[in-house]
Amino acid sequence: HRRTRRIISIWWCVWQDTALCLPHCPDPCRMILYEGQSRDSEKQENIMDYLKTTGRIFDVQRYSIHDGPGIRTILFLKGCILRCRWCCNPESQEFAIQKMIVQGEEKIIGRDVTVEEMLQVVEKDRAYYYRSGGGMTLSGGECLCQPEFARDLLRGAKERGIHTAIESMAGMPWENIQMVLPYLDLYLMDIKHTNPEKHKAFTGRSNERMLENARKTALSGMTRLVIRVPVIPGFNDTVEEIQGIARFAATLPGVDKIHLLPYHRLGQDKYTGLGREYLLDGVLPPSAEHMETLKKAVHAVCGLDCQIGG
């Protein structure tokens with residue numbers, strides 16, 4: 001009978017207002033309910049732990065209309081395994097915090113932040129995302145050089161109903177990409193060349209892993225994949241080279257869009273500020289006419305929607 005009364009008391013607490021019932025419940029009942037509440041509290045704490053993940057950024061750009069749909073906030077993460085000759089963010093390549101001369105003054109490049117701090121910044125523009133279909137984009141550098149930080153930023157944005165995207169060249173281990181896919185709406189993936197030797201000569205690394213990861217990402221079906229090609233004179237700006245990339249992109253399941261991004265020299269002064277040589281000094285951006293020629297060349301070999309810029 002005592003055991004029966006205890007069970008009835010427990011169910012009465014569940015059915016009625018627990019706070020009112022507990023003072024009148026027998027000790028075993030209170031203990032069971034308190035233990036349950038304690039486990040729920042611990043579980044909630046574990047769920048929120050990801051907000052404490054730390055990472056290193058070097059810039060935040062709000063109100064961007066590039067690197068994804070709508071109005072976006074772009075978080076620039078530090079660190080990259082490539083050394084592309086044309087890189088417009090050379091201050092992103094080293095993970096270490098650096099000093100760079102900007103307009104005659106020394107500036108610290110890089111700071112450590114938590115996921116929670118960054119989400120607070122991202123959420124400030126929620127109204128703009130809602131109206132424009134925008135969201136948050138992770139860039140760099142190579143954001144997947146900090147996979148746990150990238151994953152938890154994307155997770156936090158998704159849990160808040162914010163569209164997520166990354167800009168990445170897929171040169172990291174496949175496990176790094178797998179970590180972010182469950183929280184990723186759009187993958188803007190750089191494919192710079194199909195020739196491994198030429199790719200290594202201009203970026204410092206071969207491209208076999210990148211092409212393999214592009215196919216794995218497409219086959220996963222877990223995110224929308226868009227291929228982006230930085231068009232660099234002397235590296236990949238011939239009709240044949242662009243068509244080679246387009247043919248490869250067209251074999252990726254689910255891929256229907258390719259962006260051609262014309263080379264620019266907006267980051268050239270940063271090399272001076274870092275005390276580095278700009279290896280493409282004297283190279284001019286491709287003309288609008290040449291970009292149109294390359295766009296037509298893509299359409300000649302595949303059915304992908306090709307746009308200039310993006």
Chi angles and distances behind the side-chain hydrogen bond (donor to acceptor under 3.5 Å, both in side chains) call for Y187, S168: CA-CA 7 Å; Y187 197 144; S168 162; 2.9 Å; yes

Using the test salt bridge (charged side-chain N to carboxylate O under 4.0 Å, His left out), find all partners of E167 that sit at least two apart in sequence or belong to another chain. R228

Taking the side chain as C-beta and beyond, is there a heavy-atom pair between R56 and V113 under 4.5 Å? no

Is it true that a side-chain atom of T164 and a backbone atom of Y183 form a donor plus acceptor pair closer than 3.5 Å? yes

Measure the spacing between CG of L82 and SG of C145 and express it to the nearest 0.5 Å. 8.5 Å

Quick check: does any side chain N or O of Q243 sit under 3.5 Å from a backbone N or O of A297, one acting as donor and the other as acceptor? yes

Examine L225 and W174 and state if one hydrophobic cluster contains both, with Ile, Leu, Val, Met, Phe, Trp and Tyr joined whenever side-chain heavy atoms are less than 4.5 Å apart. yes

F149 side chain near I57 side chain, heavy-atom distance below 4.5 Å: yes

Exceeds 12 heavy-atom contacts within 6.0 angstrom, atom NE2 of H66: no

In terms of hydrophobic clusters joined by side-chain contacts under 4.5 Å, are V255 and L211 together? yes

So how far is it from I166 CD1 to L188 CG, rounded to the nearest 0.5 Å? 8.5 Å

Taking the side chain as C-beta and beyond, is there a heavy-atom pair between S220 and L181 under 4.5 Å? yes

Sub-3.5 Å donor-acceptor pair from the side chain of N195 to the main-chain atoms of K198, do we have one? yes

Would a line drawn from the ring center of H163 to the ring center of Y129 be shorter than 6.0 Å? no

Residue R126 excluded, over 12 heavy atoms near CZ under 6.0 Å: yes

Where do K192 and N207 land on the side-chain hydrogen bond (donor to acceptor under 3.5 Å, both in side chains) test, with the steps shown first? CA-CA 9 Å; K192 309 178 199 306; N207 63 354; over 6 Å; no

Determine, stepwise, if the pair R131 / D125 fulfils salt bridge (Lys or Arg N to Asp or Glu O under 4.0 Å). CA-CA 10 Å; R131 295 189 183 112; D125 298 322; over 6 Å; no

When you measure from the side chain of N213 to the backbone of A170, do you find a donor-acceptor pair of N or O atoms at a distance under 3.5 Å? yes

How far does OH of Y50 sit from CG of L154, to the nearest 0.5 angstrom? 11.0 Å

Do L77 and I81 belong to the same hydrophobic cluster, where Ile, Leu, Val, Met, Phe, Trp and Tyr are linked whenever their side-chain heavy atoms lie under 4.5 Å apart, directly or via other members? yes

Residue pair T73 / R62, side-chain heavy-atom distance below 4.5 Å: yes

Intermediate values then yes/no, side-chain hydrogen bond (donor to acceptor under 3.5 Å, both in side chains), E208 and S206: CA-CA 6 Å; E208 288 95 343; S206 186; 2.2 Å; yes

Residues E212 and K216 bridged, charged N to O under 4.0 Å: yes

Check the pair E148 / R151 against salt bridge (Lys or Arg N to Asp or Glu O under 4.0 Å), numbers first and verdict last. CA-CA 5 Å; E148 292 85 4; R151 175 199 62 201; 5.8 Å; no

Flag, side chain of T54 to backbone of T114, donor-acceptor distance under 3.5 Å: no

If you define the side chain from C-beta out and look only at heavy atoms, does anything of M118 sit under 4.5 Å from L153? yes

Would you find a donor on one side and an acceptor on the other, under 3.5 Å apart, between the side chain of D281 and the backbone of Y278? no

L266 side, atom CG; C88 side, atom SG - distance, nearest 0.5 Å: 7.5 Å

Output yes when a side-chain donor or acceptor of R83 lies under 3.5 Å from a complementary backbone atom of C80, and no otherwise. yes

Check for a donor-acceptor pair, side chain of S92 on one end and backbone N or O of N89 on the other, with a separation under 3.5 Å. yes

Is there a continuous path of hydrophobic side-chain contacts, each under 4.5 Å between heavy atoms, that joins M136 to F76? no

Between K52 and D49, does a salt bridge (Lys or Arg N to Asp or Glu O under 4.0 Å) hold up when you go through it step by step? CA-CA 6 Å; K52 302 173 186 175; D49 276 348; 3.8 Å; yes

Distance col, row T194:OG1 vs E241:CD, nearest 0.5 angstrom, shows 7.5 Å

Which label fits F202 and W86: parallel for a plane angle under 30°, tilted from 30 to 60°, or perpendicular past 60°? tilted

Using the rule given for side chain to side chain contact (heavy atoms under 4.5 Å, CB included), can you reason through L260 versus I242, listing the C-alpha separation, both sets of side-chain angles and the distance that settles it, and then say yes or no? CA-CA 9 Å; L260 302 181; I242 293 299; 4.2 Å; yes

Evaluation steps, side chain to side chain contact (heavy atoms under 4.5 Å, CB included), between K257 and L304: CA-CA 5 Å; K257 187 179 284 289; L304 297 178; over 6 Å; no

Heavy-atom side-chain contact between Y271 and E277 under 4.5 Å: no

In the structure I gave you, are the side-chain heavy atoms of D152 and L51 within less than 4.5 Å of one another anywhere? no

Show the atom names and distances, to 0.1 Å, of all donor-acceptor pairs under 3.5 Å that link a side chain in residues 96-111 to residues at least two apart or in another chain.
{"unit_1": "Q98", "atom_1": "OE1", "unit_2": "K78", "atom_2": "NZ", "d": "2.8"}

Over 12 foreign heavy atoms within 6.0 Å of CZ, F248: yes

Side chain of T223, backbone of D185: donor and acceptor closer than 3.5 Å? yes

Kindly write out the residues that satisfy salt bridge (charged side-chain N to carboxylate O under 4.0 Å, His left out) with R247, not counting sequence neighbours, or none if the list is empty. none

Establish whether M291 and I191 are linked, either directly or via other cluster members, by ILVMFWY side-chain heavy-atom contacts under 4.5 Å. yes

Contact summary for C306 and V298, nearest pair of heavy atoms: CB-CG1, 3.9 Å

Is any side-chain heavy atom of V60 less than 4.5 Å from a side-chain heavy atom of V121? yes

Is a donor on one side and an acceptor on the other found under 3.5 Å between the side chain of H193 and the backbone of N236? no

So CD of Q178 and CG of L144: to nearest 0.5 Å the spacing works out to 12.0 Å

